[in-house]
Each structure stands twice: as C-alpha cells, then as structure tokens.
Amino acid sequence: MGAYTVPEDIRKMKPKGTTVKVINGSYYVYTNTRHKDEVSGKWKTDPGKLLGKIIKDVGFVPKGVQLESSEITLFEYGEYLLACTLAHDDFERLKECFNVDEAFHLFSLACIFVFEGYIGLKPSETIYERTLIAHDYSKLKYSYHRISKLLSTIGRNDKILEFQKKCIKQSNTVAVDGHVIPSDSINNDLSFNGYKAKEVKGEQMNLLVALDIATHLPLATKVFPGYIVDKTDFIDFIKPLGEIKDKLFIMDTGFYSKENIEYLVKQEANYIMPLSSNLEGYKNAIKPFKGRNAQFLYSVSSKTDLVEYHECTSTKEGTRVILFQNMSEREKLIKEYIKKMEEGSKNHNKEGLQKNMKTFGLIVLETNLSVDAKDVYYYYKSRWSIETYYDRIKHNIDFSELNLSEYGMVQAVAFVMLLAGRIDQRILTAAKSVGKSSKDLVRLMSALKLYDNGKSCNICNAKKEHFDLAEKLNLSYDTSKKCLG
C-alpha cells in the first residue's frame with residue numbers, strides 16, 4: 001500500500017461526493033472540483049473546499065468541531081437565535097404543511113446550510129447536535145439516516161408544493177428565472193448535456209425559481225432536466241402553484257413564447273417580458289420613429305439615469321410594446337467601446353461603433369399592463385433581485401453543484417435551499433435595518449455561545465452591541481424560552 005493510499009474502511013466513512021486526501025498521516029475530506037486535462041482530454045477530480053477529517057474508529061468530523069469525551073455543554077447560540085427569530089413565520093408555515101418532526105428537521109438543515117454552506121447531509125448530523133435548536137429540543141432525534149429518508153420521501157409527494165402555494169399566494173409581483181446547476185451524478189434522470197455544457201464542463205440540471213419582487217424572498221423552486229429550455233418548463237412550473245389571477249410575472253427573453261403568454265392571459269395574470277432581437281415585434285420597434293421620444297429619470301440607490309421611450313404598434317390585442325433606451329447607459333457603453341478601439345482591439349472599429357450605438361442601452365418590452373411606461377420600466381428593472389438571489393445561494397451558501405442522483409432527493413434538497421434562501425434574505429433585510437452587511441451581522445451574533453452543564457445555563461461573550469441588536473431586531477436572550485417556541 002502506497003503512502004498516500006486511502007484505506008477502504010476510511011473511504012467508507014467519507015460523505016458522498018467528497019474526496020479524501022492523506023496529509024501527514026491524517027485523512028482530510030474535501031469537496032470535489034473537476035477540470036479537463038489539456039493533454040489527455042479526460043476529466044479529472046481535484047480536492048476543493050476543506051470540509052473536515054476522518055478519524056479511524058470515530059468517523060467524519062466536520063471542520064472546526066472538537067471531539068469531546070463527555071456530553072456537549074457549549075452550543076452555537078447567536079446565529080441560530082437570529083435565524084429562528086427572523087424566520088419564525090417560515091417555521092410555522094412548515095408545520096402547516098409537514099408534521100412537527102419533519103418541520104424541525106427541514107428548518108434545522110436549512111439553518112445549517114445558511115451558516116455552514118451547502119455541506120451535504122452527513123456532516124449536518126454532527127453540526128446539528130451543537131446548535132441552539134438541538135439544545136432547546138433535545139428530544140428531536142436528528143440524524144443523517146432520518147434526514148435522508150425524509151428528503152427522499154417529500155421530494156415525491158405534495159407537501160413541498162403545499163408550502164410553495166402558500167408562499168406564492170401572498171405575492172403580487174413575481175420574478176421567474178432559471179439557473180443551471182452542474183451535476184456529476186451517475187444515473188441521474190435530471191442530468192443532461194444542456195445549452196451550457198461547455199461552460200459547466202459536463203452535465204447540468206435546470207433550477208427554476210419564483211421570487212417575490214417586493215420582499216426578495218424565494219417563493220417556489222423545482223429542478224427540471226438539463227436539456228429542456230426555460231420557456232418549455234414555465235407552465236409545468238407555474239401551473240401547480242395555484243391561482244395566479246392579477247399577479248404580475250416578470251421574466252427575461254428565455255421565457256418568451258406564444259404558449260406561455262396565452263397561458264398567463266387565460267389565467268388573467270399580467271406579464272412583462274423583453275423581446276429578443278430575432279422577433280418581429282423587436283424588429284418593428286427599432287424602425288425609425290417619426291415622433292419625439294418621451295423621457296423620464298430612472299433612479300436606483302444613488303444613481304440617476306435619463307431614459308427615453310416611445311410606444312410601438314403591437315400586433316396582438318391587449319398587449320403593448322414599448323421601446324426604452326437608457327441614454328446614460330448608452331453614453332457609458334460608447335465610451336467603453338471607443339476605449340477598446342484605442343487599445344487596438346480587432347473586434348472594435350468605427351463601423352461596429354456606428355452599428356451598435358443604435359442599440360446601446362436599448363430594450364423592447366412587451367406587456368399587458370395598463371400602467372405608465374415609466375412604471376413598466378421600473379417593474380422590469382426590479383427583476384435584478386432574482387439575479388442577486390442566485391448569486392447569494394451560489395457564493396454565500398455555496399450551492400453551486402449537486403452530486404445527487406435520486407429524483408426525490410434532488411427536488412427536496414432544492415426545497416431546503418429555498419428555505420435557506422428565505423432565511424438568508426431575512427437576515428440580509430435585518431442587517432440592512434441596523435446598518436450592517438449580513439456577513440457582519442452573522443459574524444457578530446455567532447460570537448454568542450450557550451453554556452449549559454445541566455446545573456447552570458448561561459450566554460457567553462455578550463457585549464453591549466448584542467443587547468442593542470436584541471432591542472432593534474426583537475431578539476430575546478431569555479434562555480428559559482425555546483428558540484422556536
């Protein structure tokens with residue numbers, strides 16, 4: 001046996017989808033990352049993020065966890081109190097759709113993903129037993145086996161759908177978008193080579209998400225096969241979610257189709273979608289306009305842009321086509337193009353500048369809304385929140401790849417990530433209300449530990465700032481009260 005060979009008994013203890021690396025006689029566990037060898041053309045697996053280590057006769061121990069010979073007396077307190085307080089409504093909604101035991105398991109796993117990242121299921125068992133939830137609800141028997149069985153089951157029944165229907169019922173303005181998730185799983189019915197096969201360097205699954213524009217909370221999610229494009233999935237995604245009358249749906253060009261628009265109109269819903277340059281409506285909209293463009297100022301944060309627009313002739317009854325051109329953005333893009341020309345870029349020349357100047361900052365929107373054109377533009381621009389949501393779950397929660405093959409498990413993990421996304425957004429909103437970033441707020445709260453030796457129960461490391469936050473965010477440091485009570 002070579003010095004770096006991992007024994008079979010050690011390999012059996014590693015979490016699924018991870019790599020074990022031997023360093024100085026210890027077995028360290030890493031996430032998997034893949035790259036294509038430039039010489040052989042074969043895909044190779046490299047160790048990525050460190051998750052923890054495997055100790056013989058003990059098992060997998062997550063990073064940062066110290067083994068104790070006696071009962072746990074120190075619990076992660078502050079960040080879990082924050083999540084339980086801010087997302088208590090989501091926990092109550094879970095209890096409306098699942099039994100109490102299931103609700104606790106799902107909420108606990110979502111919290112772990114928020115604070116530890118998407119670490120998989122097996123490491124969550126060890127992390128859970130050191131959380132405030134485990135302390136307050138000691139009779140809850142959280143384990144890898146129980147959470148795996150639960151996810152595999154709910155991914156194939158209607159309980160997830162019931163939760164999502166309750167969420168979308170409370171929303172008036174909904175952004176819908178798709179996101180590609182790379183998949184290394186073998187025999188996965190949802191993994192295929194899709195339109196981003198070269199970019200993800202392998203097979204993919206497509207994650208569709210509906211998000212509330214006003215609150216930025218994710219409302220519903222479902223994973224579809226990687227070979228299907230967004231516009232084909234849309235009706236299958238939205239239809240089971242219940243009545244959508246009078247709701248406004250905002251989507252990008254990838255969802256534009258005659259079938260989708262007819263479905264929304266038939267359901268008496270409203271929509272805003274941009275037209276792609278290959279559509280007849282777009283081509284008609286960019287033809288020379290004889291009148292004078294109207295103008296308005298588009299303001300977001302501390303930035304204000306000048307936007308020109310005019311209504312175009314629509315060939316479909318009950319719909320409007322409006323051409324908008326952000327003149328501030330246009331000037332910025334012109335300057336960037338000229339700079340590329342001056343730098344000697346072969347792809348940037350005077351002819352290209354003259355051609356592109358007409359479409360810099362331009363967008364053509366189709367809608368059935370009867371509101372001012374300015375409001376249509378503002379509504380559409382508000383869909384950026386779904387892009388930032390994807391960015392947060394990818395980088396903050398580290399949900400960028402799935403190594404699961406069972407259909408029910410895939411759908412259920414996507415649902416837990418939706419719960420994690422809702423908790424993460426509530427923390428972000430709370431952080432902004434007290435002038436902090438979400439990372440700074442979580443970092444500050446995670447300093448709080450709960451010490452309980454069975455005789456006394458005390459909060460450790462509390463500072464004046466923690467008590468100031470408690471007042472502002474309605475947190476209670478009363479250890480006699482249960483965190484999800």
Between the side chains of S345 and N347, does any donor sit under 3.5 Å from an acceptor?
no
Any donor and acceptor pair, going by atom type alone, linking the side chain of Q325 with main-chain N or O of K358 inside 3.5 Å?
yes
Give the intermediate values and the outcome of side chain to side chain contact (heavy atoms under 4.5 Å, CB included) for residues L109 and H105.
CA-CA 6 Å; L109 182 60; H105 273 79; over 6 Å; no
Begin with the C-alpha distance, continue with both residues' side-chain angles, and end with the deciding distance and a verdict on side chain to side chain contact (heavy atoms under 4.5 Å, CB included) for L419 and F107.
CA-CA 7 Å; L419 294 175; F107 190 84; 5.9 Å; no
Check whether S328 reaches the backbone of L306 with its side chain - one donor and one acceptor, N or O, closer than 3.5 Å.
yes
Considering all heavy atoms, the nearest F255-G178 contact
CZ-N, 3.9 Å
On a heavy-atom basis, which atom in A414 and which in V223 lie closest, and how many Å separate them?
CB-CG2, 3.7 Å
Of the non-hydrogen atoms in A110 and I423, which two are nearest, and what is the gap between them?
CB-CD1, 3.9 Å
Heavy-atom check, side chain of V442 versus side chain of V114, under 4.5 Å:
no
Pairs involving residues 250-275, ordered by first then second residue, that meet side-chain hydrogen bond (donor to acceptor under 3.5 Å, both in side chains) (sequence neighbours left out)
Y256-K316, Y256-E366, S257-N260, Y271-E366
Determine whether more than 12 heavy atoms belonging to other residues, nucleotides or ligands lie under 6.0 Å from atom CG of N278.
yes
Got a second to check how far M341's CE is from K339's NZ, nearest 0.5 Å?
14.5 Å
Taking every heavy atom of Y142 against every heavy atom of S108, the minimum-distance pair comes out as CE1-CB, 4.3 Å
Nearest 0.5 angstrom please: E243 CD to K165 NZ, how far?
11.0 Å
Test salt bridge (charged side-chain N to carboxylate O under 4.0 Å, His left out) applied to D90 and K166, K95, R422, the passing residue:
R422
Other residues, nucleotides and ligands only: do more than 12 of their heavy atoms fall within 6.0 Å of CD on E471?
no
Nearest-0.5 Å distance, CD1 of residue I168 to CG of residue L211:
10.5 Å
Taking C-beta and beyond as the side chain, do S433 and L473 meet within less than 4.5 Å on heavy atoms?
yes
Results of side chain to side chain contact (heavy atoms under 4.5 Å, CB included) for T304 - residues two or more places apart only:
L297, S299
Do the charged groups of R146 and D101 touch, with an N to O distance under 4.0 Å?
yes
Please find the pair of heavy atoms, one from G421 and one from Y389, that lie closest to each other, and give the distance.
CA-CE1, 3.9 Å
I119/I127 under side chain to side chain contact (heavy atoms under 4.5 Å, CB included): CA gap, chis, key distance, verdict
CA-CA 10 Å; I119 57 171; I127 292 171; 3.2 Å; yes
Backbone N/O of G352 and side chain of N356: donor-acceptor pair under 3.5 Å
yes
How long is the straight-line distance from CD of Q411 back to OG of S152, given to the nearest 0.5 Å?
11.5 Å
Quick one: are Y282 and L323 in side-chain contact, heavy atoms under 4.5 Å?
no
May I ask you to check whether F163 and F415 place their ring centres under 6.0 Å from each other?
yes
Any chance you could measure C312, atom SG, to K287, atom NZ, to the nearest 0.5 Å?
11.0 Å
How about Y298 and Y377: are their ring centres within less than 6.0 Å of each other?
yes
So, K222 and D233, do they make that salt bridge, N to O below 4.0 Å?
no
So do D372 and Y378 actually touch side chain to side chain, heavy atoms under 4.5 Å?
no
The single option from L365, L279, V364 that satisfies side-chain contact (heavy atoms from CB on, under 4.5 Å) with V321 is V364
Please check: side-chain N/O of K247 versus main-chain N/O of S171, any donor-acceptor pairing under 3.5 Å?
yes
Any side-chain heavy-atom pair from R330 and L333 closer than 4.5 angstrom?
no
One thing to verify: whether E329 and K332 come together as a salt bridge, which I'm taking to mean a side-chain N less than 4.0 angstrom from a carboxylate O.
no
L106 side chain near K159 side chain, heavy-atom distance below 4.5 Å:
no
Can you give each donor-acceptor pair under 3.5 Å made by side-chain atoms of residues 79-87, sequence neighbours left out, with the distance rounded to 0.1 Å?
residue, atom, partner, partner atom, Å
T85, OG1, L81, O, 2.8

Y379 atom OH, over 12 foreign heavy atoms within 6.0 Å
no
Does the side chain of S314 come within less than 4.5 Å of R320's, by heavy atoms?
no
Rounded distance (nearest 0.5 Å) linking atom CG of N368 with atom CD1 of I261
9.0 Å
Worked check of side chain to side chain contact (heavy atoms under 4.5 Å, CB included) between L264 and I238
CA-CA 10 Å; L264 290 171; I238 294 297; 5.5 Å; no
So if I apply the side-chain contact (heavy atoms from CB on, under 4.5 Å) rule between V209 and each of L219, L418, T221, V176, which one comes out positive?
T221
Compute the ring centroids of Y309 and F296, then answer whether they are less than 6.0 Å apart.
yes
May I ask you to test the M409-S148 pair for a side-chain heavy-atom distance under 4.5 Å?
yes
For atom CD of E96, is the number of surrounding heavy atoms from other residues, nucleotides or ligands below 6.0 Å larger than 12?
yes
Would you call the rings of Y337 and F360 parallel, tilted or perpendicular, where under 30° means parallel and over 60° means perpendicular?
tilted
Kindly give the heavy-atom pair with the smallest separation between A175 and I386, and that separation in Å.
O-CD1, 3.5 Å
